[in-house]
Student: 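Before I ask anything, here is the structure I am working with.
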Amino acid sequence: MQKVLSCAIVGAGSIGGLIDSPKSANIASHAHAFSKHPHCKLVAICEPNSTNQSAFIGRWGEMGVYHSLDALLQYETIDLLAIASPTQFHANALEEALHVKNLQAIICEKPLVATAKELARIAPLLLSSEKKVLIHLMRRYDPSFIKLAHDIAAQKWGKIVRFQGIFTKGLLHNGVHMLAVLSHFFGEIETIKSLHVKRLHEDISGDFEVTCKEARGILSCMEELPYSAFELILWFEGGKVEIKEGGSRIESFVKKPSPLYEGYFSLEHEETLPNTLQHYALHSLEFLLQNDDITCKQILQEQIDVHAKIFETIAKEK
């Protein structure tokens with residue numbers, strides 16, 4: 001019989017457990033993912049805010065409650081840790097967790113860290129650790145996005161021509177999601193060139209020309225929008241793919257002879273592709289537990305490289 005893993009969450013706010021509930025159709029929080037997985041048991045949280053503590057316990061049941069990660073790790077034996085605290089606390093939490101001998105795996109919310117200096121300090125520790133670590137860029141672990149990546153690699157719609165993406169909340173905050181998708185589909189992010197940029201505290205918005213190993217295109221971070229947006233269009237020689245509504249709807253179109261003009265071609269809707277993103281927290285957890293150390297380390301390196309490119313781009317605008 002497989003061992004049940006003792007799990008804990010650092011940061012009992014929205015993504016930790018307050019974005020959904022046990023009755024929600026979506027599985028969006030770490031608490032919900034742990035409750036659904038047969039080999040996981042949530043035993044403790046680290047959360048200094050008493051209001052969040054009460055709301056979390058009321059929603060997910062009684063468990064150990066700690067005000068500091070140090071205390072949690074001292075009094076609880078944890079196998080798997082989810083870091084869902086504000087970004088400025090990630091680096092210290094990661095460093096502390098990496099030194100806990102019995103801890104087997106860590107899943108950390110994005111962005112991985114808040115600054116390039118923190119990345120330079122923590123990246124070598126993460127990559128040399130024997131623990132499995134995933135940055136929670138959830139589309140990278142989602143079955144529907146993994147299938148789409150395979151279809152792209154098999155050139156189902158021919159060779160890639162260009163991509164166009166729109167997102168909100170800054171190049172680091174949400175752009176890291178977009179760039180992680182692109183690096184999954186088209187290889188290493190080689191360059192990010194700022195075109196029209198606006199400073200956002202420690203982040204930037206605007207238009208960016210992005211070159212991957214196998215494709216290039218334009219991304220726009222639109223802070224003027226009064227709502228959240230995340231959309232990506234992939235143009236291929238034989239069709240296109242539209243990723244909409246944050247990735248919860250994926251449509252494909254194929255090249256067909258024009259019904260109006262002889263010798264011309266247009267695009268016709270092919271299908272709505274299978275989608276599983278509504279259970280993204282559970283799929284990320286399953287990916288972490290099912291895949292080997294080498295696979296997780298390769299993806300970790302890929303996503304650390306994406307963060308490094310973002311910090312380089314932000315630094316040029318200071």
Side-chain angles (χ1 to χ4, degrees), residues 137-169 171 174-198 205-280 283 302 306 309 313:
L137 296 162
M138 70 273 194
R139 296 168 187 85
R140 182 63 180 83
Y141 320 112
D142 178 70
S144 54
F145 274 78
I146 291 172
K147 182 183 184 305
L148 179 55
H150 289 159
D151 288 342
I152 291 170
Q155 297 193 359
K156 179 178 179 179
W157 302 280
K159 293 182 179 180
I160 184 66
V161 176
R162 196 72 60 88
F163 56 78
Q164 297 169 297
I166 293 174
F167 58 95
T168 51
K169 300 183 182 179
L171 184 65
N174 252 8
V176 68
H177 275 304
M178 186 74 73
L179 292 166
V181 170
L182 292 171
S183 67
H184 185 194
F185 291 166
F186 306 119
E188 179 187 357
I189 306 294
E190 295 181 342
T191 61
I192 305 173
K193 181 180 178 182
S194 300
L195 302 178
H196 307 285
V197 174
K198 177 183 177 181
S205 67
D207 299 322
F208 306 91
E209 183 179 358
V210 177
T211 302
C212 304
K213 184 178 180 180
E214 298 170 3
R216 62 190 180 94
I218 298 292
L219 301 182
S220 295
C221 179
M222 301 175 63
E223 290 307 308
E224 300 84 0
L225 295 179
Y227 48 83
S228 180
F230 186 98
E231 298 194 356
L232 181 63
I233 301 177
L234 311 174
W235 298 89
F236 299 91
E237 289 180 333
K240 73 171 177 176
V241 173
E242 295 183 351
I243 298 172
K244 299 179 178 180
E245 298 173 13
S248 60
R249 186 158 62 93
I250 305 176
E251 308 278 354
S252 67
F253 301 78
V254 292
K255 176 184 172 183
K256 295 285 186 180
S258 171
L260 298 176
Y261 306 108
E262 186 175 343
Y264 283 80
F265 294 86
S266 58
L267 292 178
E268 180 180 291
H269 185 266
E270 179 186 31
E271 63 176 324
T272 299
L273 298 175
N275 194 276
T276 54
L277 197 61
Q278 69 272 22
H279 295 157
Y280 67 79
H283 291 143
E302 170 191 316
V306 169
K309 288 294 184 185
T313 307

Student: Atom CZ of Arg249 and atom CG of Asn275: how far apart are they, to the nearest 0.5 Å?
Tutor: 10.5 Å
Student: I'd like to know whether Leu137 forms a side-chain contact (heavy atoms from CB on, under 4.5 Å) with Val306, so could you lay out the CA-CA distance, the side-chain angles of the two residues, the decisive distance to 0.1 Å, and finally the verdict.
Tutor: CA-CA 11 Å; Leu137 296 162; Val306 169; 5.9 Å; no
Student: For the residue pair Phe236 and Phe186, categorise the inter-ring angle as parallel (less than 30°), tilted (30 to 60°) or perpendicular (more than 60°).
Tutor: tilted
Student: Nearest 0.5 angstrom please: Leu219 CG to Asn174 CG, how far?
Tutor: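 Result: 12.0 Å between the selected atoms.
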Student: Looking only at non-hydrogen atoms, find the nearest pair between Cys212 and Ile189 and report the distance.
Tutor: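 Of all heavy-atom pairs spanning Cys212 and Ile189, the closest is SG-CD1, 3.6 Å.
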Student: Let me see the working for Val241 and Ile152 under side-chain contact (heavy atoms from CB on, under 4.5 Å), right down to the final yes or no.
Tutor: CA-CA 10 Å; Val241 173; Ile152 291 170; 5.8 Å; no
Student: For the CG atom of Leu234 and the CG atom of Leu148, what is their distance to the nearest 0.5 Å?
Tutor: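 Leu234 CG to Leu148 CG: 7.0 Å, rounded to 0.5 Å.
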Student: When rounded to the nearest 0.5 angstrom, what distance separates OG in Ser220 from CZ in Phe167?
Tutor: 8.0 Å
Student: May I ask you to decide if the ring planes of His177 and Phe230 are parallel, tilted or perpendicular, using 30° and 60° as cut-offs?
Tutor: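 Rings of His177 and Phe230: perpendicular, as their planes differ by over 60°.
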Student: Between Ile166 and Met178, what is the shortest heavy-atom contact and its length?
Tutor: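 Reported closest heavy-atom pair: O-CE, 3.5 Å.
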Student: Within the side chain of Asp207, is there an N or O that forms a donor-acceptor pair under 3.5 Å with the backbone of His196?
Tutor: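 Side chain of Asp207 to backbone of His196: no pair is present.
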Student: Could you tell me if the side chain of Glu302 sits less than 4.5 Å from the side chain of Arg140, heavy atoms only?
Tutor: yes
Student: Check whether any side-chain heavy atom of Trp157 lies under 4.5 Å from a side-chain heavy atom of Asp151, and answer yes or no.
Tutor: yes
Student: Just verifying a value: how many Å separate Arg162 CZ and Ile218 CD1, rounded to the nearest 0.5 Å?
Tutor: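 It comes to 7.5 Å.
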Student: Look only at the side chain of Ser258 and the backbone of Leu260, and say whether a donor-acceptor pair between them is shorter than 3.5 Å.
Tutor: yes
Student: Can you see which heavy atom on Thr168 is nearest to which on Ser228, and at what distance?
Tutor: OG1-CA, 3.7 Å
Student: Taking all heavy atoms of Glu237 and all of Val161, pick out the closest pair and write down the distance.
Tutor: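 Looking at all heavy atoms of both residues, the closest pair is N-CG2, 3.7 Å.
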Student: Flag the pair His283 / Met138 as yes when at least one side-chain heavy-atom distance between them is below 4.5 Å, and no otherwise.
Tutor: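 No, too far: nothing below the 4.5 Å cut-off.
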Student: Any side-chain heavy atom of Phe163 sitting closer than 4.5 Å to one from Ile243?
Tutor: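 A side-chain contact under 4.5 Å is absent here.
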Student: State, to 0.1 Å, how close Pro259 and Ser266 come at their nearest heavy-atom pair, and which atoms those are.
Tutor: CD-OG, 4.2 Å
Student: Rounded to the nearest 0.5 Å, what's the gap from NZ on Lys255 to NZ on Lys240? Could you check?
Tutor: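 The NZ atom of Lys255 sits 15.0 Å away from the NZ atom of Lys240.
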Student: What's the verdict on side-chain contact (heavy atoms from CB on, under 4.5 Å) for Ser252 and Leu273, showing C-alpha distance, side-chain angles and the deciding distance?
Tutor: CA-CA 7 Å; Ser252 67; Leu273 298 175; 4.1 Å; yes
Student: Might you point out which heavy atoms bring Ile233 and Glu242 nearest each other, and give the distance in Å?
Tutor: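 Looks like CG1-CG, 4.2 Å.
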Student: Looking only at atom types and distance, does a side-chain atom of Glu223 sit under 3.5 Å from a main-chain N or O of Lys169, one as donor and one as acceptor?
Tutor: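 Flag set: sc Glu223 to bb Lys169 pair under 3.5 Å.
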Student: Could you tell me whether the side chain of Lys193 reaches within less than 4.5 Å of the side chain of Thr211, counting heavy atoms only?
Tutor: no
Student: Going through the checks in order, is the side-chain contact (heavy atoms from CB on, under 4.5 Å) test met by Phe253 and His269?
Tutor: CA-CA 4 Å; Phe253 301 78; His269 185 266; 3.8 Å; yes
